Amino acid sequence: MSKADIGLIGLAVMGENLVLNMESHGFTVAVYNRTVEKVDNFVNGRGKGKNIIGTHSLEELVANLKKPRKVMLMVKAGKPVDDFIELLIPLLEPGDVIIDGGNSHFPDTIRRTKYVEEKGLLYIGTGVSGGEEGALRGPSIMPGGSPKAWELVKPIFQAIAAKVSDGTPCCDWVGENGAGHFVKMVHNGIEYGDMQLICETYQIMKDLLGLSYEEMHNIFKEWNEGELESYLIEITRDILAYKDDDGQPLVEKILDAAGQKGTGKWTVIASLDSGIPLTLIGEAVYARSLSALKAERVYASTILHGPTPKFDGDKKQFIEDLRKALYASKIVSYAQGFMLMRQAAKDYGWNLNYGGIALMWRGGCIIRSAFLGKIKEAFDNNPELPNLLLDPFFKEKILSSQESWRRVVSTAITNGIWIPALSTALNFFDGYRNGRLPANLLQAQRDYFGAHTYERVDRPRGEFFHTNWTGRGGTTSSTTYNV
Ligand code: NBP
């Protein structure tokens with residue numbers, strides 16, 4: 001067999017499927033895995049008879065690659081990535097590329113890009129989304145790193161990526177160093193938000209409206225045929241119809257304690273670092289944390305009582321209200337996600353293409369949806385759009401959903417239904433559209449107790465004042481700075 005177009009290390013679920021995807025697009029792939037038996041198992045199993053070269057050492061892997069060599073890691077994020085980089089550097093030559101396709105934290109990718117480039121090599125840190133199925137049939141791929149590496153990996157990445165209906169691949173260059181992993185991280189954060197919003201509408205349907213699983217299945221089916229069409233609505237539709245062996249809905253038997261692997265938390269930490277109010281994803285992460293306190297909640301439920309949910313309005317109308325509330329909240333969540341990316345681009349010096357990012361998420365990944373096509377259009381119409389909420393399409397959508405959204409949030413809260421994401425979205429909307437927030441009082445409080453100073457509405461920005469509020473303080477003010 002001739003030499004391989006690319007090498008891949010890490011034959012777990014993602015690695016194996018990516019290799020098969022690459023091979024099916026005409027690329028020869030050399031593979032290696034720390035536990036080398038897995039190489040033989042793969043080459044003699046799912047990889048049998050295909051243009052896949054099994055190798056038993058990194059030396060053998062590197063020797064089987066066309067130059068400039070491209071080696072992709074699909075291993076557990078963290079130390080294994082650093083370990084493989086150390087082992088590969090002495091085996092590679094200037095101009096070769098190391099690619100990390102795992103869920104690495106973007107600061108690690110910033111560090112590794114610099115380190116690998118200092119050794120004369122090129123580096124790519126790329127988000128790969130879509131799970132097992134996506135890896136095999138077409139994931140969304142979000143590469144960042146050394147710009148010179150992009151042309152080298154582009155033909156392979158764009159060939160194996162998911163395609164939107166006109167054939168455009170869900171993969172394009174994101175930006176320097178950690179930009180690709182940053183965008184993948186925000187994708188995962190948005191996924192947390194979308195999932196929490198769907199869960200809240202389910203809880204309202206079940207506990208307030210008293211709908212059956214069949215009714216809820218039908219509603220999600222209908223929603224998936226309209227503007228909410230998305231992978232997550234589609235799988236929710238199917239989950240609600242899925243019966244356990246005894247004929248009962250399986251989802252009713254699943255323990256209500258959510259897990260998380262950290263990418264949502266990273267997104268929220270990044271938002272705190274950048275000073276961007278990413279409230280919906282924040283609530284979605286905390287919602288999982290609250291759910292995980294299962295035993296404590298069960299105990300609290302015997303002591304802390306609230307209203308018994310009761311609905312006597314027009315159910316059909318309220319279900320339409322719910323649909324609109326979900327859509328409006330989703331707009332807020334994505335608006336916040338793009339606010340975070342815009343700020344990160346400034347903080348880290350990335351030149352992000354927001355329409356391109358929406359397109360990468362349009363297919364192949366977990367948050368794929370018709371909605372992302374609209375976001376792409378919004379940024380195509382105005383690449384400098386300061387906020388998605390100000391785009392004419394989304395503005396009209398959110399304004400026309402407003403009444404329904406307020407009805408859903410107020411009714412759920414009156415009935416004691418937990419809706420952290422739906423309500424924070426509406427609260428963000430009311431804060432964002434308010435030209436005067438009560439932060440004037442807050443600044444007064446800060447100045448009162450800590451001489452933190454304030455600016456005045458009747459003086460230019462940047463002039464700071466301190467008042468001796470009690471008559472007992474001095475005239476010295478604290479240094480003015482923002483963290
Ligand atoms: P895992 O995250 O389970 O990683 C398994 C691979 O890492 C195996 O090749 C394993 O080698 C290797 N590995 C481990 Br574990 N510890 C190692 C160490 N200390 N040194 C060297 N190699 C080590 O596999 P995955 O689920 O296919 O995910 C791969 C990457 O893709 C991860 O970063 C993951 O977060 C990301 N990702 C996963 C998904 C998904 O749906 N699963 C989706 C998108 C992205 P061994 O065989 O010798 O143990």
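These numbers come from a predicted model, not from an experiment. One-based numbering, in listed order, for ligands and for the atoms of each.
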Exercise. Quick one: is the NZ or CZ of Lys395 closer than 6.0 Å to the six-membered ring centre of Phe393, and within 45° of its axis?
Worked result: no

For this session: Mind jotting down which residue pairs meet the salt bridge (Lys or Arg N to Asp or Glu O under 4.0 Å) criterion with at least one end in residues 189-198? Sequence neighbours excluded, please.
Result: Asp194-Lys330

Problem set entry | salt bridge (Lys or Arg N to Asp or Glu O under 4.0 Å) partners of residues 106-117, not counting sequence neighbours, each pair once | Asp82-Arg111, Asp82-Arg112, Asp100-Arg112, Asp108-Arg111, Lys114-Glu118

Please tabulate, one pair per line, all N/O donor-acceptor pairs under 3.5 Å involving side-chain atoms of residues 349-357, not counting sequence neighbours.
unit_1 : atom_1 : unit_2 : atom_2 : d
Trp350 : NE1    : Glu176 : O      : 3.2
Trp350 : NE1    : Asn177 : OD1    : 2.9
Asn353 : OD1    : Gly355 : N      : 3.3
Asn353 : OD1    : Gly356 : N      : 2.9

Problem set entry | Ser230 side-chain N/O to Leu228 backbone N/O, donor-acceptor pair under 3.5 Å | yes

Which protein N or O atoms sit under 3.5 Å from any N or O of ligand 1? Give each pair with its distance.
unit_1   : atom_1 : unit_2 : atom_2 : d
ligand 1 : 4 (O)  : Lys76  : N      : 3.4
ligand 1 : 7 (O)  : Lys76  : N      : 3.2
ligand 1 : 9 (O)  : Asn33  : OD1    : 2.7
ligand 1 : 19 (N) : Arg34  : NH1    : 3.3
ligand 1 : 27 (O) : Val13  : N      : 3.4
ligand 1 : 27 (O) : Met14  : N      : 2.9
ligand 1 : 33 (O) : Val75  : O      : 3.1
ligand 1 : 33 (O) : Asn103 : N      : 3.0
ligand 1 : 35 (O) : Asn103 : ND2    : 3.4
ligand 1 : 47 (O) : Asn33  : ND2    : 2.8
ligand 1 : 47 (O) : Lys38  : NZ     : 2.6
ligand 1 : 48 (O) : Arg34  : NE     : 2.9
ligand 1 : 48 (O) : Thr35  : N      : 3.0
ligand 1 : 48 (O) : Thr35  : OG1    : 2.4
ligand 1 : 49 (O) : Arg34  : NH2    : 3.0

Exercise. Centres of the Phe429 and Trp405 rings: under 6.0 Å?
Worked result: yes

